[in-house]
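These notes are about the structure you will find just below.
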Protein chains: 2
Amino acid sequence: MKWGARLNLVYSSTARPVVFEGRMLIRLAENLSLYGALTEEDRRAVGALPAAMRRFPAGEDIVIEGDAPAQCRVLISGQAFRHRTLPDGRRQIMSFHAQGEICDIEGLLLSMDHTVTALSPCEVAFVPHVALETLLEAHPNVMRALWRASLIDGAIFREWMLGMGRRTAKARIAHLFCEVFTRMRMAGLVEKNRCRFPVTQTHLSDALGLSVVHTNRVLQELRGEGLIAFRGGELAVLNWAGLQAAGEFDPSYLHLGASRR
Amino acid sequence: MKWGARLNLVYSSTARPVVFEGRMLIRLAENLSLYGALTEEDRRAVGALPAAMRRFPAGEDIVIEGDAPAQCRVLISGQAFRHRTLPDGRRQIMSFHAQGEICDIEGLLLSMDHTVTALSPCEVAFVPHVALETLLEAHPNVMRALWRASLIDGAIFREWMLGMGRRTAKARIAHLFCEVFTRMRMAGLVEKNRCRFPVTQTHLSDALGLSVVHTNRVLQELRGEGLIAFRGGELAVLNWAGLQAAGEFDPSYLHLGASRR
DNA sequence: CGTGAACTTGAGATTTCTCAAGCGGGGTGG
DNA sequence: CCACCCCGCTTGAGAAATCTCAAGTTCACG
């Protein structure tokens with residue numbers, strides 16, 4: 001009740017947070033385990049963090065540029081993306097996120113310099129910063145995992161920079177599909193050769209720095225070459241080797257292996 | 001002697017590390033203070049980290065993609081840049097760094113996915129990871145400052161992404177100059193309206209995702225409009241308001257204000 | 001059955017690139 | 001001390017990638 005009431009006040013008059021017993025945050029603990037070794041006790045503590053839940057329909061903003069949030073938002077289900085949109089409408093999408101990820105961890109130490117928006121309907125757990133702070137002090141492994149996750153985010157940004165600066169439209173699109181597919185697989189969200197990726201071609205073009213028209217034509221090429229199928233918010237990889245080659249994709253920048261220490 | 005000998009072995013047969021008494025690392029402590037509140041004791045501990053020093057001539061690599069370093073490299077003097085270069089020569093520069101910064105902090109938790117190269121002759125202090133790790137455990141403020149610095153790095157990458165995806169060549173160049181100038185001023189490296197920025201036009205184009213030819217022409221425009229002078233490795237801002245407007249530069253993404261907590 | 005969002009297609013306009021060549025200054029070997 | 005050379009800068013001109021504008025199509029949904 002305590003956190004729920006607080007969130008209700010702080011966040012929005014329309015928010016109807018529901019306190020629940022931390023079951024959901026197991027997802028966060030599992031996700032963090034991918035980034036650094038956690039003890040059973042670390043995971044238990046993460047799972048037991050106080051949290052209030054809120055649903056966001058697709059297209060709704062979860063955090064807005066300029067906010068100085070007092071909670072971390074953990075994606076329990078659904079997908080979201082970060083972006084910055086300039087006054088005249090130009091938009092750059094910076095990253096895509098799936099369940100288990102904290103979509104505004106920067107907000108713990110910085111004010112938000114970008115907006116996070118729901119791509120599909122999302123369940124989001126709000127974890128008060130104070131509670132997280134307390135946990136981090138007692139559980140340095142968790143802090144280290146979060147830091148490492150931030151560093152990997154940075155590595156992904158660098159890879160996107162390389163793409164936008166030095167790769168053709170076709171390679172960029174193929175590369176993005178490879179990345180999304182790989183990360184979704186890591187998160188256990190790939191079935192057979194397909195995964196949910198509910199973006200429009202406009203989203204794609206804004207993520208890649210292209211116009212919609214050009215994105216559309218290149219997409220047709222990729223389909224025509226039998227590399228992918230992409231319809232109805234679902235991505236199917238029909239020829240992984242070919243797609244990887246087209247995108248010059250080398251997953252090492254994702255640092256999927258175990259933590260260095 | 002201990003660290004010196006170790007570094008000598010680990011690093012390179014041509015390295016001639018010299019142990020010195022931590023005076024230099026004051027620079028690091030000062031730099032970290034920009035990212036998070038440190039106590040006098042925190043700063044003292046950072047300044048007292050064991051370190052071996054090595055000089056790198058301009059153009060020499062300081063850490064190489066694929067390395068799994070056992071030390072952090074702190075830039076004591078000089079400037080460096082991170083980049084990734086593809087087999088066929090395409091290169092993307094990811095960031096520029098000045099004195100006081102750790103140029104391979106990722107290396108503490110990840111293997112290097114990019115190379116760091118000296119832009120001008122550099123003095124680099126090598127701090128063993130084990131020593132830093134020990135310090136971080138005892139000084140959570142320092143860990144928090146480093147984490148926050150990583151997050152700000154990420155914010156800068158996002159801003160570059162926005163530029164490469166959605167800004168014209170002219171705005172991109174102007175924006176980069178604004179950013180460099182602002183960060184150099186924060187580091188106390190601006191005199192009057194000028195600062196050292198020893199990059200060639202090739203460096204600029206690789207940082208911005210442009211061809212050298214086009215970079216050259218746009219640079220002439222900026223000069224022609226009286227916004228900047230850029231020669232001999234030195235950048236002079238002649239019309240800050242104009243440059244800022246041309247680059248759509250808003251420094252909030254640099255998070256120069258105090259830490260949120 | 002009407003509507004709007006997302007997707008497609010066509011075609012001309014721009015930005016930016018590539019290739020090619022000339023210039024200029026600093027550094028090096030003779 | 002001079003000549004030469006290399007790197008970085010500059011310029012010209014045609015080529016390519018990508019963009020913008022404009023309109024038509026499809027499909028899910030009310």
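Quick note on labels: first sequence line is chain A, next is B, and so on, each numbered from 1. Computed from heavy atoms alone, side chains included, the values below leave out hydrogens, waters and symmetry copies.
Backbone-only engagement by A:T200 is indicated by non-hydrogen atom pairs under 4.0 Å involving sugar-phosphate atoms exclusively. At a threshold of 4.0 angstrom between heavy atoms, the contacts of A:R166 with the nucleic acid are absent. At a threshold of 4.0 angstrom between heavy atoms, the contacts of B:G209 are confined to the sugar-phosphate backbone, with no base atom among them.
The aromatic rings of A:F81 and A:H203 sit perpendicular, their planes meeting at an angle over 60°, well past the 30° parallel limit. Ring geometry, A:F177 versus A:F197: the interplanar angle exceeds 60°, so the pair is classed perpendicular (tilted spans 30 to 60°).
Under a 4.0 Å N-O distance rule, the pair B:R27/B:E123 does not qualify as a salt bridge. With salt bridges taken as basic N to acidic carboxylate O contacts below 4.0 Å, none links A:R166 and A:E248. Between B:R82 and B:D104 no salt bridge is recorded (no basic side-chain N to carboxylate O distance below 4.0 Å).
For D:dA28, neither phosphate oxygen OP1 nor OP2 lies less than 4.0 angstrom from any side-chain nitrogen or oxygen of A:R231. Dashed line: the shortest gap from a side-chain N or O of B:Q220 to OP1 or OP2 of D:dT11 is under 4.0 Å.
A donor and an acceptor atom, one from each side chain of B:Q79 and B:S120, are nowhere located under 3.5 Å apart.
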Restricting both atoms to N or O, compile the protein contacts to nucleotides 10-14 of chain C shorter than 3.5 Å, with distance only.
{"unit_1": "C:dG10", "atom_1": "N7", "unit_2": "A:R217", "atom_2": "NH1", "d": "3.3"}
{"unit_1": "C:dG10", "atom_1": "N7", "unit_2": "A:R217", "atom_2": "NH2", "d": "3.3"}
{"unit_1": "C:dG10", "atom_1": "O6", "unit_2": "A:R217", "atom_2": "NH2", "d": "3.4"}
{"unit_1": "C:dA11", "atom_1": "N6", "unit_2": "A:R217", "atom_2": "NH2", "d": "2.9"}

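Side-chain proximity of A:Q201 to the nucleotides C:dT16, D:dT20, C:dT8 is greatest for C:dT8. Of the candidate nucleotides C:dC17, D:dT18, D:dT10, D:dT10 has the atom nearest to the side chain of B:N216.
In the helix from C:dC1-D:dG30 to C:dG30-D:dC1, the terminal helix axes, each the rotation mapping four pairs' C1' atoms onto the next four within five end pairs, subtend 40°, rounded to 10°.
More than 12 heavy atoms of other residues, nucleotides or ligands lie within 6.0 Å of CZ in B:R91, so this atom counts as buried by the packing criterion.
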